[in-house]
Amino acid sequence: MNIENRLQHSVIDAVKALYGAEADASQITLQTTKKEFKGHYTLITFPLLKISKKNPEQTAQEIGEYLLRNCPMVSEYNVIKGFLNLSIASAVWIELLRHIDGHPHYGFTPVADNAPLYMVEYSSPNTNKPLHLGHVRNNLLGHSLCEVLKANGKRVVKTNIVNDRGIHICKSMLAWKKWGNGETPQSSGKKGDHLIGDYYVLFDKKYKAESAALQAKGLSKEEAEEQSALMREAREMLRKWEADDAETINLWKTMNGWVYAGFDKTYEKLGVSFDKIYYESETYLAGKEEVLRGVKEGIFYRREDGSVWADLTKEGLDEKILLRSDGTSVYMTQDIGTAKLRFDDYPIDKMIYVVGNEQNYHFQVLSILLDKLGFDFGKGLVHFSYGMVELPEGKMKSREGTVVDADDLVDEMINTARETSEELGKLDGVSPDEADNIARMVGLGALKYFILKVDPKKNMTFNPKESIDFNGNTGPFIQYTHARIRSILRKAAEQNIVLPETPDMATELSEKEEGLVQMLAGFDSVVKQAGTEYNVSLIGNYAYDLAKEFNQFYHDFTILKEENIALRNFRLTLSKNVAETLKKAMSLFGIEVPDRM
RNA sequence: GGUCCGGUAGCUCAGCUGGAUAGAGCAACAGCCUUCUAAGCUGUGGGUCGUGGGUUCGAAUCCCGCUCGGAUCACCA
């Protein structure tokens with residue numbers, strides 16, 4: 001049982017002994033004591049006044065006095081207004097530290113073979129353009145979420161649905177065929193996904209020019225788009241693709257292959273990976289089948305023009321199209337098919353989709369449709385919805401070229417990290433390989449933490465010009481703190497200062513050291529945040545608090561220059577724990593913590 | 001118009017299962033490197049928590065109205 005729970009029980013006992021009434025656990029509000037006051041935990045007495053029938057100060061006073069006498073873990077108390085501040089005996093903290101030290105995976109639930117299986121879908125790119133900043137947020141959230149779930153003892157299957165079919169790919173293919181002169185990633189030295197993206201942009205450019213020319217002849221915008229030869233060719237290509245035309249399929253496979261090779265590099269750089277990748281080209285037919293089954297079973301209905309619809313007006317939503325009048329599938333159809341295949345492949349207990357909040361409605365509908373089709377998992381699916389990444393000027397627009405490319409961003413972060421490190425002399429005397437590695441860890445740490453510390457559901461602003469800070473509430477700050485702790489441990493080892501198995505219980509602790517001990521209690525909080533709650537940003541805040549507190553205490557110690565060897569050993573034990581704590585919190589983000597930087 | 005989400009310091013964000021004087025970082029200013037990493041530390045200034053009401057001993061936090069911003073309601077994905 002943790003300290004807070006034990007304390008809660010003691011308070012219940014105290015209330016019973018003092019006032020003869022059984023207090024409910026919900027009435028015992030304990031919180032960590034604010035920095036300005038002395039104590040570790042604070043009992044708020046207001047909810048207990050009805051039982052005590054005394055004023056807040058008196059009640060606090062009486063409970064405090066009782067706890068001091070009868071509860072060994074309480075070493076001290078003070079009363080401020082209705083708040084009872086309780087200090088926990090150092091021995092209790094030390095006991096906790098020993099416990100933590102004795103468990104290498106303290107706070108992490110081991111993953112049992114029969115643990116619930118969570119499938120998490122994230123990333124979900126289109127194959128006609130490279131990954132951008134929005135994908136970066138998606139990938140990092142998805143990956144972190146998986147780590148949090150694993151830390152909670154869940155079995156996790158990371159999955160990705162690649163949108164590899166449709167008119168947008170045909171546009172790239174067509175442009176390449178017309179104007180590409182056989183360009184390949186090898187011949188041009190371009191990353192495959194960027195190459196394809198360039199042709200997508202080229203198509204758009206040519207199409208716009210064509211449309212403008214037609215409009216100059218007096219056609220309306222709609223007419224021009226209708227008569228566009230390019231667009232007609234693209235549609236023709238899509239038809240050929242669906243008809244399994246060998247040449248089209250070959251080109252499609254080749255170009256998608258280039259894109260995948262490019263994506264793999266980006267994923268690797270970001271440190272994310274997948275256990276199973278699905279392709280819409282392989283799932284949309286299953287979706288069609290499911291929808292047609294739905295029609296047969298009277299769940300959906302067909303209109304005169306042949307299109308298939310779901311009536312969701314009873315659920316307070318609109319009608320939703322599932323198959324076009326020409327029989328082709330829409331986005332929703334594909335998602336139904338993908339869901340079916342996934343549940344055929346894995347015994348999934350919970351399905352989580354990491355997808356932007358512009359699709360909140362889509363997933364609301366998907367959940368209902370899957371449920372109607374008789375899939376148990378439909379009702380309980382989770383849409384892990386996150387906000388958009390905006391630029392200071394507003395939204396990113398691919399047409400205006402304001403999209404922040406993922407590869408460029410990562411490279412820029414690493415370069416900046418290297419420059420900063422060099423300026424600060426951090427790379428002096430370090431081998432080139434090690435310098436590369438540090439620059440990579442710090443650059444990516446900065447990027448990842450910057451994105452993950454923001455509440456996922458909120459839109460966030462990213463200013464590429466200011467680039468990401470390396471000071472303050474940042475990834476590098478935490479990495480730096482970790483490196484310093486490791487450094488202390490390293491130097492201690494050189495001087496043969498060994499960590500004591502059991503800290504000397506008789507050692508008197510200074511106020512500062514007790515503070516350090518209290519900081520360690522924050523470890524519990526970090527781990528608690530990994531709980532079933534999915535807000536990964538909270539973990540970031542705790543990690544930052546922990547790192548900050550270490551730096552402050554470290555600073556205080558330096559000033560105090562205390563040189564008692566027993567205390568010194570004790571400090572080392574604590575440092576080791578803080579280092580481990582930071583590392584664990586960061587690992588949930590996928591952020592590496594270097595030994596030195 | 002319906003539905004959903006957001007509005008906290010100049011900027012970027014915490015805090016929201018109700019609790020003490022609303023917190024960090026950045027930016028500004030003033031200090032701190034013979035002593036285990038200054039990517040650090042200390043201090044100063046900076047707030048009608050969008051707004052009006054309600055519930056409560058107590059509201060940034062819960063409820064209702066209003067307002068501003070965003071998303072969505074496609075035979076696009």
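Nothing here was measured: the structure is a model prediction, and the numbers come from that model.
- In this structure, A/Y480 reaches the bases: a heavy-atom distance under 4.0 Å links it to at least one base atom across the strands shown.
- Going from the C1' atom of B/rG10 to that of B/rA28 covers 10 Å, rounded to whole Å.
- Under the stacking definition used here (centres under 5.5 Å, planes under 30°), the residue A/F46 qualifies as stacked on the base of B/rG19.
- In the set B/rC13, B/rC36, B/rA77, B/rA77 carries the atom at the smallest distance from any side-chain atom of A/V330.
- Judged by distance alone, with hydrogens and angles left aside, A/T42 brings a side-chain donor or acceptor within reach of the base of B/rA20, the pair sitting under 3.5 Å.
- Listed candidates were B/rG6, B/rU37, B/rG25. Nearest to the side chain of A/Y544 is B/rG25.
- Annotation: of the two residues near RNA chain B, A/G316 and A/Q552, the 5′-most nearest-nucleotide partner is A/G316.
- A/E280 comes within 4.0 angstrom of sugar-phosphate atoms only, judged by non-hydrogen atoms across all strands, and of no base.
- Among the atoms of the strands shown, base atoms are found under 4.0 Å from some heavy atom of A/S325.
- Listed nucleotides: B/rA24, B/rA39, B/rA38. Nearest to the side chain of A/Y554: B/rA38.
- Among the protein residues, A/R490 comes within range of no part of the nucleic acid, since none of its heavy atoms lies under 4.0 Å from any strand.
- Of all nucleotides present, only B/rU44 satisfies the Watson-Crick or G-U wobble test against B/rA28, with each distance under 3.5 Å.
- Proximity of A/S487 to the phosphate of B/rU37: a side-chain N or O atom is located under 4.0 Å from OP1 or OP2.
- For the residue pair A/T474 / A/D469, no side-chain donor-acceptor distance below 3.5 Å is found, with atom types taken as modelled.
- A/F37 comes within 4.0 angstrom of a nucleotide base, judged by non-hydrogen atoms across all strands.
- The side chain of A/K34 places no N or O atom within less than 4.0 Å of a non-bridging phosphate oxygen (OP1 or OP2) of B/rU21.
- Contact between the side-chain N/O atoms of A/R324 and the OP1/OP2 oxygens of B/rC76 is found at a separation under 4.0 Å.
- Using a 3.5 Å distance cut-off with no hydrogens or angles, the side chains of A/N163 and A/N126 do pair a donor with an acceptor.
- Checking the phosphate oxygens (OP1, OP2) of B/rC13, no side-chain nitrogen or oxygen of A/K453 falls inside 4.0 Å.
- In this structure, A/S421 reaches the bases: a heavy-atom distance under 4.0 Å links it to at least one base atom across the strands shown.
- When the nucleotides B/rG25, B/rC5, B/rG19 are ranked by their closest atom to the side chain of A/K457, B/rC5 comes out on top.
- Among the atoms of the strands shown, base atoms are found under 4.0 Å from some heavy atom of A/M597.
- Note on A/Y361: only backbone sugar-phosphate atoms sit closer than 4.0 angstrom, heavy atoms only; bases stay farther off.
- Using a 4.0 Å heavy-atom cutoff across all strands shown, A/P47 reaches at least one base atom of the nucleic acid.
- Proximity note for A/N551 (side chain, C-beta onward) versus B/rA39, B/rC41, B/rG23: the nearest is B/rC41.
- With C1' as the reference atom, B/rA14 and B/rA30 are 27 Å apart, rounded to whole Å.
- No contact: A/N463 has no heavy atom under 4.0 Å from any strand.
- When the P atom is used for both B/rC62 and B/rU8, the distance is 16 Å, rounded to whole Å.
- For A/H168, the side-chain atoms get nearest to B/rA77 when compared with the rest of B/rA39, B/rA77, B/rA38.
- With B/rG19, B/rU21, B/rC13 as the choices, the nucleotide that has an atom nearest any side-chain atom of A/K81 turns out to be B/rU21.
- Side-chain atoms of A/N126 lie closest to B/rA77 of the nucleotides B/rU37, B/rA74, B/rA77.
- Across B/rC63 and B/rC4, the matching P atoms stand 13 Å from one another, rounded to whole Å.
- Comparing B/rA20, B/rU37, B/rG19 by their closest approach to the side chain of A/N85 singles out B/rA20.
- In this entry the base of B/rC33 is syn relative to its sugar, with a glycosidic angle within 90° of 0.
- Residue A/K491 is the one, among A/K491 and A/M332, whose nearest nucleotide of RNA chain B lies closer to the 5' end (criterion: closest heavy atom).
- Counting only heavy atoms from C-beta outward, the side chains of A/K208 and A/S211 never approach each other to under 4.5 Å.
- Taking the C1' atom of each, B/rG19 and B/rU55 are spaced 16 Å apart, rounded to whole Å.
- Candidate nucleotides B/rA39, B/rC13, B/rU72 were compared by shortest atom distance to the side chain of A/E358, and B/rU72 ranks first.
- Spacing between B/rC26 and B/rC16 at atom P, rounded to whole Å, works out to 23 Å.
- Between A/K548 and B/rG25, a side-chain N or O to OP1/OP2 separation shorter than 4.0 Å is present.
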